[in-house]
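Below: the structure, in structure tokens.
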Amino acid sequence: DPYCQIGLVLPRDKYTLCKQLLKSLADPGQIEKSTIQKKTLDPVWEEVFEFPLLEQPQVVMIDVWDDDVEQQNETKDAIKGFRGLKYKINDFINKEDDFLGKCYLNINTLPNEKTQHVLQLYGKNK
């Protein structure tokens, strides 16, 4: 169940953009979260986010995550009532969302009108 975190960051070298997560590069108040796309491997987001622009160049950075909270709730509901399983599922329940990858766009390359982009993810988990 993928979702995105979107934010603006100052330009950095390609290595830093590819290796660092958005939350480590952007001001926490400047990060938006998309809706969660349920049960799909080919998500499409048609959402609008507004950010204040600085005079200096900025980069749109997008981190894509797999939401595990929904899956955890479904699993907890499915095994409710069985004794002894709570110890086996503790690790699963406390699991964080999985990082799927990231992409970035230079704001200067974006057109002024609404467009559709297909973006390749980098830094994917193996």
Review point. Where do Ile107 and Leu8 land on the side chain to side chain contact (heavy atoms under 4.5 Å, CB included) test, with the steps shown first?
Key: CA-CA 9 Å; Ile107 285 184; Leu8 292 179; 3.5 Å; yes
Looking only at non-hydrogen atoms, find the nearest pair between [X] and [Y] and report the distance.
| X | Y | result |
| --- | --- | --- |
| Ala26 | Val9 | CB-CG1, 3.8 Å |
| Gln58 | Pro52 | OE1-O, 4.0 Å |
| Pro2 | Thr40 | CD-O, 3.7 Å |
| Phe49 | Lys33 | CE2-O, 3.8 Å |

Review point. Other than Val44, what residues sit in its cluster of Ile, Leu, Val, Met, Phe, Trp and Tyr side chains whose heavy atoms are under 4.5 Å apart, directly or through others?
Key: none
Review point. Other than Leu41, which residues form its hydrophobic cluster under the rule that side-chain heavy atoms must be closer than 4.5 Å?
Key: none
**Study point:** Same cluster (ILVMFWY, side-chain, under 4.5 Å), Tyr122 and Leu17
**Key:** no
Review point. Distance from Asp98 atom CG to Asp1 atom CG, nearest 0.5 Å?
Key: 11.0 Å
Study note, to complete from the structure: Interatomic distance, CZ@Phe99 vs CG@Leu22, rounded to 0.5 Å, equals 9.5 Å
I'd like to check [X] versus [Y] (side-chain heavy atoms, cut-off strictly below 4.5 Å). Are they in contact?
| X | Y | answer |
| --- | --- | --- |
| Val60 | Ile6 | yes |
| Leu25 | Thr16 | yes |
| Phe51 | Glu32 | yes |
| Lys102 | Met61 | yes |

Practice item. Please determine which of Asp97, Asp66, Val64 meets the side chain to side chain contact (heavy atoms under 4.5 Å, CB included) test together with Tyr3. Key: Asp97
Review point. Can you tell which of Asp63, Leu100, Ile36, Ile62 makes a side chain to side chain contact (heavy atoms under 4.5 Å, CB included) with Cys4?
Key: Ile62
**Study point:** Contacts of Thr35 that satisfy side-chain contact (heavy atoms from CB on, under 4.5 Å) - sequence neighbours left out
**Key:** Gln37, Trp45, Glu47
